[in-house]
Amino acid sequence: MPNVTSDEPATRQEPETSRAAVVANPTKIDDIGAFRESLCSAMAEHGWSDPLWLETTADDPGEGQARAAVQAGVDLIVGTGGDGTITACAAGVAGTGVPLAIIPAGTGNVLARNLGLPMDLGEALEVALTGADQQIDVGLANGKLFVAMAGIGLDAD
């Protein structure tokens, strides 16, 4: 089960300098450079070191990047994108104990909405860096992990 960061009072106890990895879908953010700068600045203000920055690709929407971040020993993975990106990141962190924070930047953001996370990027980042971890259940269908819903038939196509 992946951990996701919720909008609860700050309870995360981190070492003096923690390192996060950002798995970002560049197609979902208008100005990726400005977003990266803003995110790095906010992390520094909260005592985090510069994050490992990993962008999704058409061939890998986030699972491989999340796995690589876990292997690099990060304390938190910040998934930035839509439901596809977040689901792929969840598949990469499931069962590892590394929390996955969600910065919703997609169209529907179903999981983020279901968890009551803010839709504003700045507010979501604040929750990611100061919120409490919350475990969620995941499902598995035909070897694919899902976190919000699964479809069959025409929906799956």
Side-chain angles (χ1 to χ4, degrees), residues 1-8 12 19-40 42-43 51-157:
M1 285 184 253
N3 293 329
V4 294
T5 303
S6 67
D7 193 8
E8 297 292 324
R12 182 173 287 131
R19 185 155 193 226
V22 177
V23 178
N25 182 337
T27 67
K28 298 294 182 180
I29 302 166
D30 291 334
D31 187 343
I32 193 80
F35 175 73
R36 183 175 182 169
E37 189 176 305
S38 172
L39 190 141
C40 289
M43 290 185 133
L52 176 61
W53 190 270
L54 304 164
E55 293 187 5
T56 65
T57 65
D59 293 331
D60 190 342
E63 184 174 350
Q65 294 86 341
R67 286 187 197 281
V70 169
Q71 290 174 348
V74 300
D75 303 295
L76 174 71
I77 296 175
V78 179
T80 304
D83 290 314
T85 302
I86 301 307
T87 299
C89 288
V93 304
T96 67
V98 177
L100 171 63
I102 299 171
I103 307 294
T107 305
N109 303 306
V110 173
L111 180 62
R113 289 177 194 281
N114 287 346
L115 295 171
L117 296 172
M119 294 298 111
D120 175 79
L121 293 179
E123 291 175 19
L125 180 57
E126 184 69 22
V127 170
L129 299 176
T130 64
D133 293 348
Q134 170 186 342
Q135 282 198 342
I136 64 168
D137 291 329
V138 298
L140 194 62
N142 293 328
K144 293 275 194 183
L145 179 137
F146 64 93
V147 292
M149 68 177 106
I152 60 171
L154 292 176
D155 183 54
D157 278 341

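The figures that follow rest on heavy atoms only: side chains count, while hydrogens, waters and symmetry mates do not.
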Residue pair [X] / [Y], side-chain heavy-atom distance below 4.5 Å:
| X | Y | result |
| --- | --- | --- |
| Val70 | Ile77 | yes |
| Phe35 | Thr80 | yes |
| Leu111 | Leu115 | yes |
| Leu39 | Pro51 | yes |
| Ile32 | Glu55 | yes |
| Pro118 | Val127 | yes |

Rounded to the nearest 0.5 Å, what separates atom [atom1] in [X] from atom [atom2] in [Y]?
| X | Y | atom1 | atom2 | result |
| --- | --- | --- | --- | --- |
| Leu140 | Lys144 | CG | NZ | 10.5 Å |
| Leu121 | Ser38 | CG | OG | 8.5 Å |
| Leu100 | Gln134 | CG | CD | 12.0 Å |
| Asn109 | Asp83 | CG | CG | 6.0 Å |
| Glu126 | Ile103 | CD | CD1 | 10.0 Å |

Which pair of heavy atoms, one from [X] and one from [Y], lies closest together, and at what distance?
| X | Y | result |
| --- | --- | --- |
| Ala20 | Met43 | CB-CE, 3.3 Å |
| Thr56 | Pro26 | OG1-CD, 3.6 Å |
| Ala128 | Ala101 | CB-CB, 3.4 Å |
| Ile102 | Ala112 | CG2-CB, 4.0 Å |
| Thr87 | Val147 | OG1-CG2, 3.5 Å |
| Ala105 | Lys28 | O-CB, 3.3 Å |

- Query: Applying side-chain hydrogen bond (donor to acceptor under 3.5 Å, both in side chains), which residue pairs with at least one partner in residues 62-71 are found, sequence neighbours left out?
  - Reply: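 Residue pairs passing side-chain hydrogen bond (donor to acceptor under 3.5 Å, both in side chains), neighbours aside: Glu63-Arg67.
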
Whether [X] side chain and [Y] backbone form a donor-acceptor pair below 3.5 Å:
| X | Y | value |
| --- | --- | --- |
| Asp60 | Gly62 | yes |
| Thr96 | Val93 | yes |
| Asp75 | Arg19 | yes |

Sorted by chain and number, sequence neighbours left out, side-chain hydrogen bond (donor to acceptor under 3.5 Å, both in side chains) with Thr57 holds for none

Step-by-step side chain to side chain contact (heavy atoms under 4.5 Å, CB included) determination, Glu123 to Leu117: CA-CA 9 Å; Glu123 291 175 19; Leu117 296 172; over 6 Å; no

Show the numbers, then the answer: is there a side chain to side chain contact (heavy atoms under 4.5 Å, CB included) between Val22 and Leu54?
CA-CA 6 Å; Val22 177; Leu54 304 164; over 6 Å; no

